[in-house]
There are 2 protein chains.
Amino acid sequence: MVKQDSTYEKITPKSNYSDWYNDVLSAAGILDFSYDLKGMFVWLPYGFKLMDSLIKKWDELFEKNGIQKSYFPLLVPLSYCQINESWWDKFKEEGYKVIAGADDKVQGALRPTGEPAIYPMYSKWIRSKNDLPIKMYETVSSFRYETKQTRPLIRDREITNWFEIHTVHATKGEAENELKNHVKIITYLYEEMLALPAFMVNKPSWDCFPGSVGAYEFYSLMPDGKVMENGSANNLGQAYAKKFDIKYKDDKGVDNYCWQLCTGNGARFLAAAISEFGDEKGLILPPKIAPIQLMIIPIVFKGKEKIIFDEIDKIKEELLKQNIRFEVDAREISPGRKYYDSEVKGIPLRMEVGPRDIENKEYPLTIRYGNEKLKIKSHELKNINNIINDIHSKMLKASNMRLHESIKFVNSSKDLISAIESKNIAKVYWCGNQECYDKLIALGEGYEGFGTSTDSKGTGKCLNCSKPSHEELFIAKSY
Amino acid sequence: MVKQDSTYEKITPKSNYSDWYNDVLSAAGILDFSYDLKGMFVWLPYGFKLMDSLIKKWDELFEKNGIQKSYFPLLVPLSYCQINESWWDKFKEEGYKVIAGADDKVQGALRPTGEPAIYPMYSKWIRSKNDLPIKMYETVSSFRYETKQTRPLIRDREITNWFEIHTVHATKGEAENELKNHVKIITYLYEEMLALPAFMVNKPSWDCFPGSVGAYEFYSLMPDGKVMENGSANNLGQAYAKKFDIKYKDDKGVDNYCWQLCTGNGARFLAAAISEFGDEKGLILPPKIAPIQLMIIPIVFKGKEKIIFDEIDKIKEELLKQNIRFEVDAREISPGRKYYDSEVKGIPLRMEVGPRDIENKEYPLTIRYGNEKLKIKSHELKNINNIINDIHSKMLKASNMRLHESIKFVNSSKDLISAIESKNIAKVYWCGNQECYDKLIALGEGYEGFGTSTDSKGTGKCLNCSKPSHEELFIAKSY
């Protein structure tokens, strides 16, 4: 963070994605990795501002959808954890336990996910249909003692800034409608905020969140050709309601188990956007979530300071009117250094204001995405939001295209392997049988069938057993 | 939370403050206490919205003051904790430790305060004067395994929504200036947001935050006559810098230890405001932090629905212009039930809109604080902000007066005891000697000398040893 004022950090070429990713997060002042606990790190001010900017968007979005913010304790009594044994079986191995007191008594677990903290409360709160639906969320840290290699924002032991929505409904139909709504919300965050495609799949039932009856899952294609799970909307059916005794009495006094959903994601959103767009110079942030959308750099000449800063004051006024998030870099260092900082931090627009520009009534404007340079006339400053929208559209179009070009519909094992080994996603017809699935993903090391298409239309032959199939299964290496 | 739609909760008279406090938090939908871990509870949506409203204010305020938001891991390696033994000695007894893995290895402590997580990083980040000042804060949960009786928002085991500012400076003078700034910030939150007096004292040195060289501490006088510590601004001098090796090289290449401050508080702000103003009907929220400032209640008559809701649309437009936080309670339940809900939740203003009011072009407006009823003409709606400011001023004046009337300057042991036992704060001359201090607070059970006046002017005799003294010590029962 602070180092940036004095040194330039070297960024590994993006072809070595893994090192590049760490370099970029560090050079841009997003995270500090030197905290002495594996899988935990420090959010630096610029990084936190970026995260916060995305959090504010989802806060707004959830509130608009009647989903209310709340907070449940970080510690979960073990007795709550054990209520749903299929959940506990999955998470107890990687659970952190908390001890205290003279005898180091176990007080509870640090929550790996929210269900066991939240659902015992839901059980108490719900008596009649009037108490439904409940639509709540929280943005919290979750904890998993990962034994795999950790990777910042992607696989952490403290998963910071994780939102989880937990809704409860009286009927299956209402739950299913709400699930569609959650899908819309995640899709909006992808497309309208992150400029990324919302690549959604159906999860095979054996691969769903423990205890759920179905799930939509979102994936991002990373620069190394692996896919990363990046958000999920889980249909819990009545499974958790039965475990946690979440039920309501209907008009006839009969008990009915409720229908539940849980939908969550977190900083992986950022990991995907950073990975998609960044380059050797640093970040390239999607402008809708950039904490600073425009950096103004005064080109100061001796004796001209007043003219320049007066002009900048006028520009600021115009930008405020448009709700543009901008800053003026008035530090007493070289413009070159300022350009570097603005680039490494991925600030979408950089505008220079010098004496000649003021005379000419137009300012050099550099667009970080694509490094496009143009001049903007002072009377056109009112269109900055259009420029921002335009950048956003171009970024979304490009990321969308990269994803869709990388999906290869294949009908032979050879082509499947070739697609995946050349960093693509293979799509194959599949009969739906787990045995065939297991054989297909055994074709290469680290292959995973991560879901089926939500809009498959045709029919073909299962790539393994040749039976007629209408399921289209995606296979790739995954995180 | 949900229960409120069907039942009325009984609230204990405020003369029994302890029960009243819990009743109010529960009936208003602030917290749920039924979570099965001592000293931990659930923030319900309305409660969290209130907390969030205050957090947004401090976020704004800190940003304006160049104090940047960040996030440090919740787990602290024990090696970091042990760097400052005076800190560790104070906190290790009440520390939660975290274990994980097959062998239940200790991974670290859940942070009781932020220093040991943050300062090892500061040590790495600071090389030269250019890296200074550092002004960062975070809003996090802290954890203390309290063995005393816990009390929601006042003494919790998970202390939620705790802000802590940690700044580092090159010189003592700069640190002291910044300390004044922190005092201003806390004072602003008290007076301008919470409508409470900022009652600040100097801490006796032996009672300061471990390792600090001095502190301003803020206290609130609670309804039971006890004082509650409610925010502190600590001058750490160079003590922590020496422990954590936080230093910079000056122009001559000589190492200098830095000067540090830490300033923090959290939900106790809310506990004080709730306790100060609430009554037997529930909360009375200071309007500047009320998540809903005005509740509109449609008085619906059959066939008149359109007229009423059209008029409400016009009113909403006017309120939006003024950035008033309002809601319309359009539930299909009786107006009486709506009045009850609006009162128990402490919403500052309640406005009814019925057919006759529309004809008369004036609406009944009830002010929760003081239960004042007036009529507001439709063309006066543009003055709602003035009404809000007026409520705020009245509340601040009253809370200020209660505090100052309760401070009794006494010069005999008998008067001291009589003041404290009648739920006041005693103020006495004191020579500054710890021995005298100990004797003074031994005069009654639970008495504590919680600090000295920051603006004492006169000279008197120490109440214990009769030596000439200019220190004015406050003594009361405390939390």
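Computed from heavy atoms alone, side chains included, the values below leave out hydrogens, waters and symmetry copies. Here is how names work: the chains are called A, B, and so on, in the same order as the sequence lines, proteins then strands, and each is numbered from 1.
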Residue among [options] with most heavy-atom pairs under 4.5 Å to chain A:
{"options": "B/Gln107, B/Glu93, B/Glu63, B/Lys49", "value": "B/Gln107"}
{"options": "B/Lys69, B/Glu94, B/Glu138", "value": "B/Lys69"}
{"options": "B/Met51, B/Lys38, B/Met121, B/Lys97", "value": "B/Lys97"}
{"options": "B/Val76, B/Asp59, B/Asn161, B/Leu31", "value": "B/Val76"}
{"options": "B/Ser128, B/Ala109, B/Ala117", "value": "B/Ala117"}
{"options": "B/Ala100, B/Pro73, B/Ser70", "value": "B/Pro73"}

Query raised in the report: Should A/Trp125 and B/Asp32 count as side-chain neighbours, where that means a heavy-atom distance under 4.5 Å?
Result: yes
Query - A/Tyr35 side chain reached by B/Pro120 side chain, heavy atoms, under 4.5 Å - result: no
Query raised in the report: Just wondering, are more than 12 heavy atoms of other shown residues or ligands nearer than 6.0 Å to CD in A/Gln149?
Result: no
Report task. For atom NZ of B/Lys92, decide whether the heavy atoms of other residues, nucleotides or ligands shown that lie under 6.0 angstrom number more than 12. Result -> yes
Where on [X] is there a heavy atom nearer than 4.5 Å to chain B: the side chain, the backbone, both, or neither?
{"X": "A/Arg127", "value": "neither"}
{"X": "A/Ser141", "value": "side chain"}
{"X": "A/Thr147", "value": "neither"}
{"X": "A/Tyr80", "value": "side chain"}

Requested in this report: Determine, stepwise, if the pair B/Leu74 / A/Phe143 fulfils side-chain contact (heavy atoms from CB on, under 4.5 Å).
Outcome: CA-CA 10 Å; B/Leu74 219 78; A/Phe143 292 84; 3.9 Å; yes
**Report entry** Parallel, tilted or perpendicular, as decided by the 30° and 60° cut-offs, for the rings of A/Phe48 and B/Tyr71
**Finding:** parallel
**Report entry** A/Tyr145 side, atom OH; B/Ile99 side, atom CD1 - distance, nearest 0.5 Å
**Finding:** 11.0 Å
Query raised in the report: Atom CE in B/Met136, atom CG in A/Leu44: separation rounded to 0.5 Å?
Result: 6.0 Å
Query raised in the report: Taking the side chain from B/Glu158 and the backbone from A/Leu75, do they hold a donor-acceptor pair closer than 3.5 Å?
Result: no
Query raised in the report: Can you name the closest pair of heavy atoms from A/Lys124 and B/Ser34 and give their distance?
Result: NZ-O, 2.9 Å
Report summary line: Here the pair of heavy atoms bringing B/Asp36 nearest to A/Pro77 is O-CG, 3.8 Å
Report task. With a 4.5 Å cut-off on heavy-atom pairs, point out which of A/Thr160, A/Val106, A/Val42 contacts chain B the most. Result -> A/Val42
